Amino acid sequence: MGSFDAMLVPLQKTFVFSVDVVNVLSLAVAAGSLAVLFIAGSLVDRWGARRVVTLGVCAMVAGALIIMSAFGVGWLLAGRIVGGVGGMTMAVASLATLNSTFKDDRQRAHVFGMLAAALGAAALTAPVLGGAVAQRGSWRLVPLLWIAVALCVLLLLRGVVTRDVVATAAREWVTPLAAGLTMSCLSLTALLARTSPQVALVTMCGFILALIVLTVRWRHLRRRGEDAGLNVSVLRSPGGLLLVGAMLAVGAVNLFFYSNLFLQYRFGLDASTAAANLIVAQCAVIAGGLAGGWISGWIGSLRTTALALALGVAAALGFLLLDATSGVPMTVALLAAFALPTGCLTGSLTKSFLDRADSASSGAASALRQGAWSLGSTLGGVVTGAVAFGYFTRDWQSALQRAGIADDVAAYAAESVRGGAVLVQLARTPGLEVLKVDSDLRTLLELTASQLSTMRLVGILAAIAYGLALLLILAAMWRIRAHSPNSRTQ
């Protein structure tokens with residue numbers, strides 16, 4: 001569902017919502033899908049991958065149909081959540097299939113590298129196709145692409161997996177459901193705190209209730225000596241928790257999302273043109289994924305991940321080079337430099353974590369991997385959005401005040417631009433005549449300076465996130481080496 005980003009500007013014109021709502025809609029798919037995350041993992045271990053993928057396809061199709069018929073932001077949010085449930089279910093089942101099918105370490109490295117490249121290819125084609133459909137037809141036709149992808153995945157997996165392999169697993173359902181609801185409610189609370197405080201209060205209560213149910217049920221099963229349906233054995237392996245922390249950190253800052261907005265709002269590109277300019281960066285992800293598979297087979301997956309994270313830190317700091325003379329090519333080049341190590345580490349980090357799981361918990365480990373990445377992107381996206389958009393609002397408000405505009409009018413103008421309004425609209429507001437570009441070019445320059453400094457800030461946040469992940473990977477390598485000095489996953 002990566003093509004949804006290409007729909008954001010047309011959707012904003014149709015329903016007139018703020019950038020904060022854009023952030024919610026972009027991240028809601030991860031928050032909603034977390035509710036069924038651990039149930040999906042348990043079902044894969046009990047029923048096999050083919051049945052679970054079929055359920056996921058049905059949910060994704062339902063979500064696409066809801067968005068196609070949406071007549072308000074609430075419907076868009078519901079469609080994103082339902083579609084996210086389907087996408088998460090399909091992802092868990094597909095990842096578990098790869099993990100249980102390939103056993104040779106070098107072969108696994110290549111397979112997970114190809115997986116990272118495939119994800120990059122999907123991210124490459126989805127925005128371009130989605131932008132083209134939204135630009136030349138209607139944004140309501142874009143969900144048809146999601147339906148086509150879901151059906152292709154179903155047919156492909158049914159052709160590859162001729163017989164479901166079912167492991168012996170506990171049949172208890174409460175703990176995986178409660179754990180998923182805990183993560184989902186936490187994510188939704190963070191997403192809705194700014195735009196819908198009352199709804200966020202309800203989801204916070206849901207988080208507390210789900211956490212209590214999970215804790216009580218877990219302790220009850222432990223006292224009775226029974227196995228919980230929530231299988232977290234991979235977290236007890238050497239370095240397991242540290243790898244989860246690294247996955248949380250890696251997904252925290254989405255430079256592709258902010259670069260896409262930067263291209264559209266700073267340079268006035270439409271959705272399809274902005275997506276086309278990001279093709280180079282997406283190709284870098286594909287190349288990084290393929291290279292990561294080869295390097296992992298040579299030096300080990302953890303070492304490959306550490307190397308890629310170090311390069312990612314340097315590439316993210318490259319956004320500090322943006323200045324007033326930087327154009328679209330400079331922005332795309334910096335993003336491509338960051339995308340290459342990102343694609344490289346996606347497969348190697350995934351393999352490093354799934355190597356810790358045994359054959360009976362492949363579905364559960366795949367669910368934990370998906371959950372860590374999704375939760376990191378949701379919570380990290382909320383924090384990054386609050387910091388970046390908040391900084392932009394304050395910076396431009398200060399610029400307007402320096403231009404002699406009253407404090408209350410400057411605050412209104414800054415919030416309006418943050419909400420997607422353009423200078424031409426604001427120039428009609430009493431007290432903001434100075435925003436007419438013909439009469440005061442300095443105001444436009446102040447706006448572009450605020451956009452530049454905000455993009456640099458996002459680059460710094462990405463470097464911090466990757467730096468934290470690097471420290472966690474180094475700690476995991478030390479833990480694994482202490483328990484198994486000859487491990488090839490180093």
Side-chain angles (χ1 to χ4, degrees), residues 95 98-99 102 104-120 123 234-235 237-255 284-317 337-357 365-366 368-377 380 462-490:
L95 190 58
L98 294 178
N99 189 49
F102 300 95
D104 179 73
D105 187 74
R106 189 176 295 273
Q107 188 181 40
R108 284 169 61 81
H110 293 158
V111 166
F112 283 110
M114 293 176 63
L115 172 64
L119 294 175
V234 66
L235 298 181
S237 65
L241 275 174
L242 293 169
L243 292 174
V244 169
M247 289 187 285
L248 286 168
V250 164
V253 182
N254 187 347
L255 266 178
V285 173
I286 298 173
L290 295 174
W294 180 79
I295 297 172
S296 294
W298 179 36
I299 65 173
S301 55
L302 278 174
R303 292 191 183 96
T304 301
T305 303
L307 175 62
L309 285 170
L311 294 174
V313 171
L317 291 176
F338 178 80
L340 186 65
T342 298
C344 182
L345 68 87
T346 300
S348 59
L349 183 52
T350 298
K351 177 184 177 297
S352 298
F353 181 70
L354 294 182
D355 281 344
R356 319 257 77 77
S366 300
L368 283 169
R369 184 270 180 195
Q370 294 296 119
W373 229 290
S374 297
L375 187 63
S377 66
I464 293 173
Y466 271 44
L468 176 60
L470 176 58
L471 292 177
L472 292 170
I473 289 296
L474 294 176
M477 292 174 64
W478 179 82
R479 288 275 296 168
I480 294 172
R481 182 177 300 162
H483 285 79
S484 51
N486 297 322
S487 174
R488 278 191 54 82
T489 59
Q490 288 283 320

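All residue numbers refer to positions in the sequence shown, counting from 1. This one's a predicted model, so the numbers in the text were calculated from it and none came from an experiment.
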Contact summary for [X] and [Y], nearest pair of heavy atoms:
X    : Y    : answer
A476 : L243 : CB-CD2, 4.1 Å
G297 : R106 : O-NH1, 2.8 Å
H110 : G293 : CD2-O, 3.3 Å
A357 : V234 : N-CG2, 4.0 Å
K351 : S301 : NZ-OG, 4.0 Å
L317 : A463 : CD2-CB, 3.6 Å

So, do [X] and [Y] sit near enough that their side-chain heavy atoms are less than 4.5 Å apart?
X    : Y    : result
L95  : L354 : yes
W478 : L242 : no
L302 : L349 : no
T304 : W298 : no

>> For a side chain to side chain contact (heavy atoms under 4.5 Å, CB included) check, start with the C-alpha distance between L470 and T305, then their side-chain angles and the critical distance, and finish with the verdict.
In response: CA-CA 8 Å; L470 176 58; T305 303; over 6 Å; no
>> According to side chain to side chain donor-acceptor pair (under 3.5 Å), does anything in residues 467-476 pair up with another residue at least two apart or in another chain? List the pairs.
In response: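 Listed once each, the pairs would be none.
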> For F338, which residues count as a ring-ring contact (aromatic ring centres under 6.0 Å, His included) partner, sequence neighbours excluded?
Replying inline: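 Here the qualifying residues are Y466.
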By side chain to side chain contact (heavy atoms under 4.5 Å, CB included), which residues pair with [X], not counting sequence neighbours?
X    : result
L98  : F102, V111, L115
A284 : A336, A339, L340
A469 : A246, A249, V250, L309
V244 : L235, M247, L248, F353, A372

> Between S348 and L345, is there a donor-acceptor pair closer than 3.5 Å when you use the side chain of the first and the backbone of the second?
Replying inline: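 Checking the backbone N and O of L345 against the side chain of S348, a donor-acceptor pair under 3.5 Å is found.
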> Would you find a donor on one side and an acceptor on the other, under 3.5 Å apart, between the side chain of R356 and the backbone of S352?
Replying inline: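 Side chain of R356 to backbone of S352, a donor-acceptor pair under 3.5 Å: yes, one is there.
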>> Nearest 0.5 Å, please: how far is CG in N99 from OG in S366?
In response: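 With rounding to 0.5 Å, OG (S366) is 5.5 Å from CG (N99).
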